[in-house]
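Each remark here refers to the structure printed beneath this line.
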2 protein chains.
Amino acid sequence: MTDRSLLLIPGPTLVPESVLQAMAQHPIGHRSGEFSTLMGEVTAGLQWLHQTTGDVLILTASGTGAMEAGIINFLSPGDRVLCGCNGKFGERWTELCQAFQLQVETITAPWGQPLNPNDFATKLTADRDKTIKAVIITHSETSTGVINDLEAINRHVKAHGQALIIVDAVTSLGATSVPVDDWGLDVVASGSQKGYMIPPGLGFVAVSERAWQASKTAKLPKFYFDLGSYRKDGAKNTTPFTPPVNLFFALRQSLQLMQKEGLPQIFTRHERSAGMVQAAVSAWNLPLLCPVESASPAVTAVAPTTIAAEEVRSLLKKQFGIAVAGGQDQLKGKIFRIGHLGFAGEREMLTVIAALESVLHQLGHPLTLGSGVGAAIRVLEATP
Amino acid sequence: MTDRSLLLIPGPTLVPESVLQAMAQHPIGHRSGEFSTLMGEVTAGLQWLHQTTGDVLILTASGTGAMEAGIINFLSPGDRVLCGCNGKFGERWTELCQAFQLQVETITAPWGQPLNPNDFATKLTADRDKTIKAVIITHSETSTGVINDLEAINRHVKAHGQALIIVDAVTSLGATSVPVDDWGLDVVASGSQKGYMIPPGLGFVAVSERAWQASKTAKLPKFYFDLGSYRKDGAKNTTPFTPPVNLFFALRQSLQLMQKEGLPQIFTRHERSAGMVQAAVSAWNLPLLCPVESASPAVTAVAPTTIAAEEVRSLLKKQFGIAVAGGQDQLKGKIFRIGHLGFAGEREMLTVIAALESVLHQLGHPLTLGSGVGAAIRVLEATP
């Protein structure tokens with residue numbers, strides 16, 4: 001990167017200096033006592049973050065690899081699954097399920113709208129023969145900035161009594177509460193370059209006892225992603241295959257920073273960041289892509305109509321060195337997305353809002369200079 | 001790691017300071033122009049290292065993930081494959097093939113002995129109906145320090161005319177010549193924490209045109225490891241899923257170091273390191289696990305009989321802060337393994353040999369003090 005870059009995309013996210021320094025240590029052997037100690041510490045931290053006493057397994061993979069592992073270990077070809085689909089990642093999990101010959105039924109909402117929990121209730125209630133084996137949900141849909149109502153959808157899954165709930169928490173974990181044990185989430189997958197505040201390269205999968213039971217009869221082929229071997233070796237604080245030890249160093253440090261801050265404080269900070277951006281966008285009379293009540297605390301998608309989204313991104317990058325994300329697939333060129341998950345906080349929000357205000361003004365979007373920053377400051381001062 | 005550790009195991013290997021520093025930069029967005037430039041540079045470097053003009057794909061995975069991708073993309077359930085098996089990694093690929101319902105026939109040699117190319121010739125020649133779809137070989141068997149005669153085995157595969165040759169080059173690539181195009185190797189898998197001189201977390205798969213042809217009819221299910229999507233996106237210098245950008249920074253730097261040194265020089269350095277260790281071990285009257293003519297340039301396995309291998313490792317670690325590897329599975333407690341691949345060179349070899357000499361002497365192994373170091377220096381001075 002250039003020296004003045006500020007990365008505010010929804011992943012990879014900003015990494016604290018102490019985490020970068022921890023990562024830059026010389027590697028250690030992964031079959032050493034030192035590594036076992038490291039893995040034990042990291043695993044305890046992951047359980048804390050997932051609010052679970054169950055297994056949280058660590059894979060050398062991106063978030064997609066973690067989701068693949070979270071699906072193929074618990075299902076068999078032909079199994080009927082419901083897949084929530086209201087953005088790029090929901091579509092990806094649908095394709096993944098199809099690639100593994102699952103019988104997938106999608107429950108859709110337009111990109112930018114949340115999934116309707118009642119749509120799940122209808123299917124699940126009608127399934128008296130209990131043929132639905134799993135419900136797959138993207139909690140925070142990174143492509144649109146929508147957070148789906150996982151708690152409500154999960155209540156319907158629990159009422160069904162048989163289906164597993166499999167969650168893509170890639171951009172929600174560490175940004176908002178994902179109480180794995182309290183909600184009884186069966187499989188929760190995530191990736192390191194998001195709320196974890198470390199670079200990409202690690203995937204995580206939390207697995208419930210119920211899911212382990214299901215794994216006993218699951219017949220999809222697997223080897224590298226066979227979670228049973230990660231569980232078996234994890235119990236001895238080791239891994240079946242060579243782990244990326246430097247990312248473990250980074251993770252230990254970032255988990256320590258997170259534990260020092262505290263879970264409620266982390267979640268409040270993310271809400272505050274989202275609120276600051278939403279207030280500024282509203283003050284500028286720019287539309288959000290999604291209803292504010294369904295806005296993710298991890299990423300805000302703005303859908304400008306008076307000016308081109310790509311020009312906003314381009315000028316923001318060129319003049320201020322700030323990187324925000326564009327739209328993907330059908331939203332390409334139509335939105336820009338400000339990531340505010342992980343290490344980002346009040347300072348970065350004021351920075352990007354002030355810079356955006358200048359960029360929007362230069363591009364001719366009608367606004368009162370200072371209005372966005374002022375609105376954001378009011379949110380900042382009003383929240384704990 | 002502690003400040004005085006010296007890591008001489010067969011992976012993770014030593015990482016140069018400039019590579020660690022490159023890795024410690026702040027992440028960049030993986031959908032940025034900067035990343036595309038980085039990926040283009042890294043891909044060109046990988047083609048140079050693989051001596052190929054064909055595809056070398058980059059996965060977020062360990063070497064095992066790369067091998068899985070290298071197998072499942074080109075085969076279908078029930079396909080007949082021959083798998084060389086003379087150590088832990090050969091056994092692993094056999095298990096992997098079985099997990100994916102391939103019809104696997106092993107060609108074995110005792111752990112510590114090389115595979116016999118004639119055993120492959122017999123099977124391949126007898127296969128007049130061309131039912132053998134692939135031959136899977138571990139080039140350098142990390143668990144035993146044996147290098148298998150890939151060139152000879154591959155000649156028999158080429159004479160067969162139909163079977164693909166799929167190679168685990170995890171500890172051979174970057175330590176010895178693996179001329180992918182000249183030999184017509186179809187699939188070559190490797191991992192970053194070995195000859196590449198960077199930490200673990202990246203897997204690589206070189207793929208021939210013939211292998212791509214085979215992939216068109218291959219029916220094993222895949223998504224995260226679907227190499228077709230890596231090829232398609234790779235042509236645009238991007239990746240289907242979030243790549244570990246910091247490891248890409250590291251890889252760019254290490255490839256630059258390697259290109260500056262030159263391939264012949266790198267291979268000579270590895271031969272020299274192996275030769276120095278072999279000479280010292282011989283001077284101490286300690287047995288190598290494998291015949292010296294089949295000894296890998298990446299790792300030397302020593303099988304002491306007068307003293308316990310684990311005591312050697314333990315004292316070497318405790319007194320000198322040098323980590324060497326132990327034996328795995330059936331070789332546990334019976335051998336110690338000195339890694340000399342990647343960044344290690346003459347200085348590290350003299351260091352570990354001198355320290356070992358002291359350790360062996362302290363443990364009561366009969367030797368003439370100075371004999372090992374002297375023998376190593378003679379090798380060093382005799383080789384270019």
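We name chains A, B, ... by the order of the sequence lines, and we start the count at 1 in each one.
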* Asked: How far apart are the C-alpha atoms of B/Asn246 and A/Asn246, what are their side-chain angles, what is the distance that settles it, and do they pass the side-chain contact (heavy atoms from CB on, under 4.5 Å) test?
  -> CA-CA 11 Å; B/Asn246 292 62; A/Asn246 292 63; over 6 Å; no
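- Put simply, of B/Asp226, B/Leu59, B/Thr60, the one with the most heavy-atom pairs under 4.5 Å next to chain A is B/Thr60.
- Heavy atoms of B/Pro243 lying under 4.5 Å from chain A belong exclusively to its backbone.
- Both the backbone and the side chain of A/Ala61 come within contact range of chain B, each with at least one heavy atom under 4.5 Å from a heavy atom of that chain.
- The minimum heavy-atom distance between A/Ala99 and B/Phe223, with the atom names listed, is CB-CD1, 4.2 Å.
- Interatomic distance, OH of A/Tyr224 versus CD1 of B/Ile72, reported as 12.0 Å (0.5 Å rounding).
- Top candidate by heavy-atom pairs under 4.5 Å with chain A, chosen from B/Ala323, B/Gly326, B/Pro199, B/Gly201, is B/Pro199.
- In this structure, chain B has a heavy atom under 4.5 Å from the backbone of A/Thr13, while its side chain stays farther away.
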* Show the numbers, then the answer: is there a salt bridge (Lys or Arg N to Asp or Glu O under 4.0 Å) between B/Lys317 and A/Glu34? => CA-CA 12 Å; B/Lys317 183 80 192 286; A/Glu34 280 164 280; 3.3 Å; yes
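- Heavy atoms only, all atoms of each residue included: B/Arg92 and A/Pro240 are closest at NH2-O, 3.4 Å.
- The greatest number of non-hydrogen atom pairs below 4.5 Å with chain B, out of A/Val15, A/Ile9, A/Leu96, A/Leu7, is found for A/Leu96.
- Residues A/Thr242 and B/Ser62 come closest through the heavy atom pair O-CB, 3.5 Å.
- Atom CG of A/Leu220 is separated from atom CZ of B/Phe100 by 10.0 Å, given to the nearest 0.5 angstrom.
- B/Pro200 places a side-chain heavy atom less than 4.5 Å from the side chain of A/Val245.
- Using a 4.5 Å cut-off between heavy atoms, B/Glu95 contacts chain A through both its backbone and its side chain.
- Of the N and O atoms on the side chains of B/His26 and A/Glu17, at least one donor lies less than 3.5 Å from an acceptor on the other residue.
- Of all the listed residues (B/Gln101, B/Lys222, B/Arg31), the one sharing the greatest number of non-hydrogen pairs under 4.5 Å with chain A is B/Lys222.
- Counting all heavy atoms, side chain and backbone alike, A/Ala24 lies closest to B/Met23 at CA-CE, 4.4 Å.
- Contact between B/Pro27 and A/Pro12 at its shortest, heavy atoms only, is CB-CB, 4.0 Å.
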